[in-house]
Amino acid sequence: MADLRHLRQDFPILDRTVNGKRLVYLDSAATTQKPRSVIEAIDHYYRTSNANVHRGAYTLSVEATEAYENARAKVADFIGATDSDELVFTRGTTTGINFVAYGWGLNHLTEGDRIVLTGMEHHSNIVPWQLVARHTGAELAYLPINEDYEVSLDDLDTVVNSRTKIVALSGMSNVTGAFGPVAAVSAAARSVGAITVVDAAQAVPHAPLDVALLGVDFLAFSGHKMLGPTGTGGLWGRRDRLEEMEPTEGGGEMISDVGLYESTWAPIPHKFEAGTPNIAGAVGLGAAVDYLSKVGMSEVRSHERALTKYGIEQLSAVPHLTIHGPADLDNRGGVISFQLADVHPHDIATILDQEGVAVRAGHHCAKPLMRSLGVPATARASFYLYNTPEDVDALVAALHHALELFGVS
Amino acid sequence: MADLRHLRQDFPILDRTVNGKRLVYLDSAATTQKPRSVIEAIDHYYRTSNANVHRGAYTLSVEATEAYENARAKVADFIGATDSDELVFTRGTTTGINFVAYGWGLNHLTEGDRIVLTGMEHHSNIVPWQLVARHTGAELAYLPINEDYEVSLDDLDTVVNSRTKIVALSGMSNVTGAFGPVAAVSAAARSVGAITVVDAAQAVPHAPLDVALLGVDFLAFSGHKMLGPTGTGGLWGRRDRLEEMEPTEGGGEMISDVGLYESTWAPIPHKFEAGTPNIAGAVGLGAAVDYLSKVGMSEVRSHERALTKYGIEQLSAVPHLTIHGPADLDNRGGVISFQLADVHPHDIATILDQEGVAVRAGHHCAKPLMRSLGVPATARASFYLYNTPEDVDALVAALHHALELFGVS
Amino acid sequence: MSLEELYREVILDHYRNPRRRDALAAPTAHAEGHNPLCGDEITIDVAVSDGTLTEIAVSGQGCSISQASASMMAEAVTGKTLEEVDTLTGQFKSMMGIGDGADPIDPERPGATLGDLEALQGVKKFPVRIKCADLGWTTLEEALSSD
Amino acid sequence: MSLEELYREVILDHYRNPRRRDALAAPTAHAEGHNPLCGDEITIDVAVSDGTLTEIAVSGQGCSISQASASMMAEAVTGKTLEEVDTLTGQFKSMMGIGDGADPIDPERPGATLGDLEALQGVKKFPVRIKCADLGWTTLEEALSSD
Ligand SMILES: Cc1ncc(COP(=O)(O)O)c(C=O)c1O
Ligand SMILES: Cc1ncc(COP(=O)(O)O)c(C=O)c1O
């Protein structure tokens, strides 16, 4: 396992205790902890350069604009975008997907057109399409998951049919950890002239990714899931797609001219950034990307792969424990959902919390997937670069305690 | 003048120099500086309690949820809302107005309906309505400004006619400082069954405000213009209006149930908060509101009123200087836009910057208003609680230098 | 805060063997409750006649606390007058530290008024789980008010 | 960074008395430039015949730098071949520290190649204003490429 243990000291929160125990944070799929460099970048911004960006002819505003646009360049570079105009700052993955749904979907879909999703999507990649389908008369169709928890490609050619205009899928499930078949699906989409939208909330933070090679049209991700501040994220889009997309928020900064009755838009990416942006957030996200780049995304991936291997092994040895997720480590990331006997996931979370172990319990904003799994909720442990095998051990020990409390043996 | 000089030490950035001079920050209408308590609240959140909110059964997540929801209660209370469910966290005023335009406007407007705006609106309170008008076939109508830079009520009863469904106006212009006639206009709106939407970006930060007394339906404001973090804001709406409003972003947290083809929504305010919110931002905004409450909003207002009086007096004594804004101090806030001879506003900003004085130059995201004023751009000085008469003096001295450089006497 | 105090045997028993699950032949009211924060669900049918809650059927899914609380509640309210149900609901909420406090209980001896339901008092020390314990009761209130 | 270096007399003169404002009788190309960051605007008409920029008309509004730069540019390019205009544009951008550097100038003696335009070299020390100085040139490039 790539030993990244020395990184833990960069994360102040990992020093705290919970219920008298060392904090064992296993909920990075929900949001990640922040290294000192990110916290300090925000702090430094407010103490030295805070001003509104653009249209400012004074030093502070120039500094703030540079900090903001430099962050854009860094984040664009991090995902392999050669043109930083293709990177729109958003509040998170959810906002990014909604922008595409409303901004591109609304004016490209008509009655009877098809939007294809998969059976493992997060609500963020379902609800916006339902809303847009309702507005346009388009229909939704799903690529289901198979018994290996992977998106089934059996009916790819019939599901992605000639009426299909948009295919939207996750790069990695936040429930099962399964990678989405982005390459196969986007090829099918291209062959019928449809665009591909990737929900990369779990993909961008955990492995090297290069949008220039992916062959997709849009890709949305969240800054707060990759060491960055809350309220940040990015939407990458191919230049021509962004240019044919309508803005979904109107206001300052996104305009070229405003008349009483008509307005014209600024060039991309500003067209999609109405109003004062989350400047300190972007600066913090830039620092997060610096941190990740220094560690190296291949290191992050191999660390998590090894930790997932260890986690699956150890959890599989816990009696009455079932894991919902692919066995193939090359086809999954560091998210492990499980059931433990008849102990409800919320009870698991409460019991683990007493031992300082933080896991998430619930439907993980993926109710349709939960229905396929046949469970209303799971408990979920998810890893990041700061986790260690000892964290897995603490989890396993606490699960044994849960079995005891529930009198299961 | 309410002497708030002692507050300056709470703002670390005010210690910095710009081009070798003391920073004289006169651009608070664009964004405000942050007191130490706000910067530290964000820092503290990330160091001790960072986790995703809601659906978390572990300690950290409960703490984060409490911090987030406590911030909501504080902000709601700050604007006089008795029911904190009526306060939706947004990214800023722009997002708030867009939510109302798309969420309420789209499903309440039909062809031929009217949306009434005023001649002194910010692009944020124009462009969303233009977009929604285009989608619905509604028309826009304007209450113009008069020679005192105030919204003219002469034709109120004919402009706000029986087809009017929405009236949207600013509580205070970010260009002229003029207060908007919210009471008169909302009464007219009510009498024809229209709703009133207030752009309170410049109103909430600078004077006491009580939504329970205002008699309006929606009110949007920005956290970053009231000492809070960038990327924060609030949309207040009357409960019944929020309930009849559609969500404009779909995703996690805002749902009650999600099926493959249909979903149902969570109760307000969560219905409007799709995805992971800007948790640290909300916490910082809560700290900002604590700070302002401690100072007292009446104090803030009287300090700014006195400073504006002094500013207008001193600026009026500068040769070749014209102020665009009402003379009546009871009808205006601490924003002073001006022209100086034939020195272009950008040149003014550049020259002032050499003296450490930060003012904004441009159209201030209010192009229609600039056209009424007959100028393409103005220079603008705007005040907040940390400004002093010495700041005005530094501004005036630098303006004299500008006249010299341009050889005007 | 001890977990043993939370997961009392009687709670696990109600969780595993929930009472009053059988559908009613002739319900007079119905409500569905949902805890959006965790996803727990409770569905309630009641039959009320002459001011008395004569029968109740509970179904749902969720954590041990929400399901056990609803099950115990079902036992406790059957055969009671609506007024008694109302008082009991108030007393339960008092024990949880929520509600309007109009129906206080003796905090030293909750069992004296609440019987088996006393077992749920450990929940109070786990604030996130209070909503779980309360879900059945809130759903019952809704069913009775929709009547 | 001295303001006196930025606001040279020749710049203020071009700002106040912009050259080549008269509309062209028969323009062969047209472009409108806009600096979204500050709102400055430049509109250009040109007449090109036999590879030579025979006439130009400039209008617009904005800061002294953008307007003076466009005015000086108009003077400088009139009567030049398109190739010469292209080289001059490259040299101007080199002086501003932008562009591809294909047309270098002697940094010690910019006036040797740029003449009056040399007065704009102070702009380089005010990074926000570089876009202002460049606006006219970019607009001219657009007009010529739309040809
Ligand atoms: C009057 C007015 N309305 C709206 C806005 C937009 O606010 P924000 O940029 O925070 O969305 C501003 C600030 O620029 C403003 O001054
Ligand atoms: C796969 C996936 N998509 C989308 C989201 C939504 O991200 P955000 O809440 O940052 O908008 C998440 C995170 O919850 C996720 O895991």
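A, B, ... follow the sequence lines: proteins, then strands. Residue 1 opens every chain.
Looking at A:Glu40, the atoms closer than 4.5 Å to chain B (heavy atoms on both sides) all sit in the side chain, from C-beta outward. With a 4.5 angstrom heavy-atom cutoff, B:Ser28 does not touch chain A via any of its atoms. Proximity to chain A (any heavy atom under 4.5 Å) is restricted, for B:Glu262, to the backbone atoms N, CA, C and O. With a 4.5 angstrom heavy-atom cutoff, B:Asp257 touches chain A via backbone and side-chain atoms both. B:Glu63 touches chain A through its side chain: at least one heavy atom from C-beta onward sits under 4.5 Å away, while N, CA, C and O do not. The contact between B:His363 and chain A is made entirely by side chain atoms (from C-beta outward), counting heavy-atom distances below 4.5 Å. For a residue to count as touching a neighbouring chain, one of its non-hydrogen atoms must lie under 4.5 Å from one of that chain's; by this rule A:Ala274 touches chain B with backbone and side chain alike. Using a 4.5 Å cut-off between heavy atoms, A:Gln33 contacts chain B through both its backbone and its side chain. For A:Val132, no part sits under 4.5 Å from any heavy atom of chain B, backbone or side chain. In this structure, the portions of A:Pro368 lying under 4.5 Å from any heavy atom of chain B include both its backbone and its side chain. For A:Leu23, the part lying near chain B is the side chain, with the backbone staying farther off; criterion is any non-hydrogen pair under 4.5 Å. When heavy atoms are compared at a cutoff of 4.5 Å, B:Val53 approaches chain A solely by way of its backbone atoms N, CA, C and O. No part of A:Val62 comes within reach of chain B, as not one of its non-hydrogen atoms sits under 4.5 angstrom from that chain. Only the side chain of A:Ile126 comes within less than 4.5 Å of a heavy atom in chain B; its backbone stays farther off. Contact annotation for B:Phe99: only side-chain heavy atoms (C-beta onward) come within less than 4.5 Å of a heavy atom of chain A. Looking at A:Asn98, the atoms closer than 4.5 Å to chain B (heavy atoms on both sides) all sit in the side chain, from C-beta outward. With a 4.5 Å cut-off on non-hydrogen atoms, B:Ala361 touches chain A through its backbone but not through its side chain. A:Ser61 touches chain B through its side chain: at least one heavy atom from C-beta onward sits under 4.5 Å away, while N, CA, C and O do not. Of the atoms belonging to B:Thr248, it is backbone heavy atoms, and not side-chain ones, that fall under 4.5 Å from chain A. Of the two parts of B:Pro229, the backbone and the side chain both hold a non-hydrogen atom closer than 4.5 Å to a non-hydrogen atom of chain A. Residue A:Tyr25 touches chain B through its side chain alone, counting heavy-atom pairs closer than 4.5 Å. With a 4.5 Å cut-off on non-hydrogen atoms, A:Val258 touches chain B through its backbone and its side chain both.
Between A:Asn52 and B:Arg360, some side-chain heavy-atom pair lies under the 4.5 Å cut-off. Residues B:Arg91 and A:Thr95 meet the side-chain proximity criterion, which asks for heavy atoms closer than 4.5 Å. In this structure the side chain of B:Leu260 never reaches within 4.5 angstrom of the side chain of A:Arg371, judged on heavy atoms. In this structure the side chain of B:Ile13 reaches within 4.5 angstrom of the side chain of A:Leu60, judged on heavy atoms.
Looking only at distances, no side-chain donor or acceptor of A:Arg47 sits under 3.5 Å from a matching main-chain atom of B:Pro12.
When each of B:His224, B:His364, B:Arg36 is checked for heavy-atom pairs under 4.5 Å with chain A, B:His224 comes out on top. Heavy-atom pairs under 4.5 Å with chain B were tallied for A:Gly356, A:Ala201, A:Gly233, A:Ser124; the largest tally goes to A:Ser124. Taking B:Arg16, B:Glu246, B:Glu253, B:Arg134 one by one and counting their heavy-atom pairs under 4.5 Å with chain A, the maximum is reached by B:Arg16. Most heavy-atom pairs under 4.5 Å with chain A, from the set B:Ala282, B:Ser49, B:Gly281: that is B:Ser49. The greatest number of non-hydrogen atom pairs below 4.5 Å with chain A, out of B:Pro128, B:Ala64, B:Gly92, B:Ala133, is found for B:Pro128. Between chain A and the options B:Ala366, B:Ser263, B:Ala101, B:Gly119, the largest number of non-hydrogen pairs under 4.5 Å is found for B:Ser263. Of the listed residues (A:Lys34, A:Lys367, A:Glu249), the one with the most heavy-atom contacts under 4.5 Å to chain B is A:Glu249.
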Just do the side-chain contact (heavy atoms from CB on, under 4.5 Å) check on A:Met254 and B:Thr94 with the steps written out, would you? CA-CA 11 Å; A:Met254 54 71 73; B:Thr94 303; over 6 Å; no
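When each of A:Ile42, A:Asp43, A:Val38 is checked for a side chain to side chain contact (heavy atoms under 4.5 Å, CB included) with B:Tyr46, only A:Ile42 meets the rule. No option in A:Asp27, A:Val357, A:Leu352 other than A:Asp27 meets the side chain to side chain contact (heavy atoms under 4.5 Å, CB included) test with B:Tyr58. Checking A:Thr276, A:Asn278, A:Asn50 one by one against B:Thr230, the side chain to side chain donor-acceptor pair (under 3.5 Å) holds for a single residue, A:Asn278.
Summarising the local packing, NE2 of B:His135 is surrounded by more than 12 heavy atoms from other residues, nucleotides or ligands at distances under 6.0 Å.
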